[in-house]
There are 2 protein chains.
Amino acid sequence: MSREDAARGDGTSVDSADVVTADSAALARSGPSRHTWQRKAVLDQLRQCDDFVSAQGLHRLLEVSGTSIGLSTVYRQLNSLAESGLADTIRLNERQMFRVCEDGGRHHHHLVCERCGKTFEIEPPDNEWFASVARRHGFTVTSHTMEVFGLCSECLADAQDGEVGAGSDTTRSSDI
Amino acid sequence: MSREDAARGDGTSVDSADVVTADSAALARSGPSRHTWQRKAVLDQLRQCDDFVSAQGLHRLLEVSGTSIGLSTVYRQLNSLAESGLADTIRLNERQMFRVCEDGGRHHHHLVCERCGKTFEIEPPDNEWFASVARRHGFTVTSHTMEVFGLCSECLADAQDGEVGAGSDTTRSSDI
DNA sequence: GTCCCTGCAAAACATTTGCACTATG
DNA sequence: CATAGTGCAAATGTTTTGCAGGGAC
């Protein structure tokens with residue numbers, strides 16, 4: 001679900017009948033917490049990845065390394081981890097990507113190489129900036145998203161070498 | 001088609017992800033450009049919306065106002081507009097949302113009320129910040145995404161009225 | 001007249017969910 | 001043992017696409 005369109009986000013509200021149903025759902029789905037080998041497997045595999053992985057990617061990684069596990073379980077565990085702050089997520093290529101999050105829930109952002117997927121955590125810019133933006137428009141800021149994309153030094157070099165348009169699909173590491 | 005350039009790794013919708021790679025593919029799928037009444041209808045309807053609308057939302061708006069038009073056409077036109085810089089997009093509630101973009105392609109961000117959808121354009125923070133982040137990690141920054149969510153003054157007031165333990169936390173900003 | 005654009009239905013896709021079953025605590 | 005977690009298949013919901021036909025230029 002997670003379709004908490006409380007706002008008339010899509011600007012229509014023509015047949016929007018479901019509004020209140022969101023909260024109950026939110027509570028109901030705090031996610032798995034028992035110690036199953038699946039949970040451990042997902043977390044272990046996630047820890048082995050330096051960069052962001054998609055649910056499908058992680059599932060495939062697990063399968064490849066001989067661990068047979070249900071895709072839905074991977075989704076459920078991953079969501080659970082994200083919700084409890086053990087993993088953080090970004091959206092890349094229309095997919096939700098996960099990564100272990102060492103420090104509980106501190107607010108941070110990512111610098112992601114759009115070629116090889118290498119990722120670094122970065123600090124948000126001056127908080128004062130958000131405050132001033134908010135003040136200017138009479139807003140109370142509740143959250144923000146920010147990701148910075150670019151090319152790491154190696155990939156930049158590669159890109160300049162093989163500029164023949166070849167590299168495109170050869171290096172989709174993050175797409176496993 | 002678009003599936004490919006999405007799969008490649010530019011991840012960040014339209015923003016400014018097209019660095020050097022605004023290659024043939026991009027040109028090839030620039031989308032509809034003829035003057036059909038559908039194109040006009042989509043653009044007109046989009047102009048009437050102050051805030052972001054989803055493709056489906058816009059389609060419904062059109063239908064409601066008596067304009068029968070194919071959903072796929074709406075998608076195609078919207079994508080075309082976004083690609084040519086006439087519209088900008090954000091992702092809200094798992095949907096891609098569109099809005100007319102007055103000033104060609106200048107890079108900007110949005111402050112969005114997560115309750116009523118009200119939107120303001122905001123300037124990015126000090127560019128020096130990006131530069132320093134990039135320098136520190138040896139990156140060449142090609143693009144970035146940023147959206148700030150919050151409550152506008154009216155919605156904040158509303159929220160405080162009906163503070164009956166209701167969700168009010170409409171965001172699960174997991175990917176802040 | 002030649003294409004491009006449209007519309008429909010069907011596909012593609014990632015993600016979620018219903019339900020019977022199993023393992024955890 | 002009770003029940004939370006699993007796995008499968010089916011459902012969901014958004015966005016794209018194949019293709020035949022009609023309109024734009």
- Do A:Y75 and A:V53 belong together in a cluster built from hydrophobic side chains that touch within less than 4.5 Å? no
- Message: Do A:D88 and A:F52 have side chains that approach each other closer than 4.5 Å (heavy atoms only, starting at C-beta)?
- Response: yes
- Item | Whether A:S65 side chain and A:L61 backbone form a donor-acceptor pair below 3.5 Å | yes
- Query: Would one find a side-chain N or O of A:N79 under 4.0 angstrom from OP1 or OP2 of C:dT16?
  - Reply: yes
- Task: Indicate whether OP1 or OP2 belonging to C:dG25 is found under 4.0 Å from a side-chain N or O atom of A:R34.
- Result: no
- Query: For the side chain of A:Q96, counting heavy atoms from C-beta on, which of C:dT15, C:dT16, C:dC8 is nearest?
  - Reply: C:dT15
- Winner on side-chain proximity to B:S72, out of D:dT17, C:dT15, D:dT16, is D:dT17
- Closer than 4.0 Å, any side-chain N/O of A:Q38 to the OP1 or OP2 of D:dG7? yes
- Item | Distance below 4.0 Å between B:T73 side-chain N/O and C:dG7 OP1 or OP2 | yes
- Evaluate the side-chain contact (heavy atoms from CB on, under 4.5 Å) criterion for residues A:V42 and A:L78: first the C-alpha distance (whole Å), next the side-chain angles of each, then the deciding distance (0.1 Å), finally the verdict. CA-CA 8 Å; A:V42 166; A:L78 245 21; 3.6 Å; yes
- Within a strict 4.5 Å, meaning less than it, do heavy atoms of the A:Q45 and A:H59 side chains meet? no
- Taking the six-membered ring for Trp, are B:F120 and A:H137 parallel (under 30°), tilted (30 to 60°) or perpendicular (over 60°)? parallel
- Message: So, OP1 or OP2 of D:dT16: does either fall under 4.0 Å of a side-chain N or O from B:Y75?
- Response: no
- Message: Can you give me the bend angle of the helix from C:dG1-D:dC25 to C:dG25-D:dC1? Use the axis through the first five pairs and the one through the last five, nearest 10 degrees.
- Response: 30°
- Query: Quick one: A:Q77 CD to C:dT16 P, roughly how many Å, whole number?
  - Reply: 13 Å
- Of all the nucleotides listed (D:dG7, D:dC25, C:dT15), which has the minimum atom distance to the side chain of A:R76? D:dG7
- Message: If you compare every side-chain N and O of B:T36 against the phosphate oxygens of D:dA24 (OP1, OP2), does one of them come in below 4.0 Å?
- Response: no
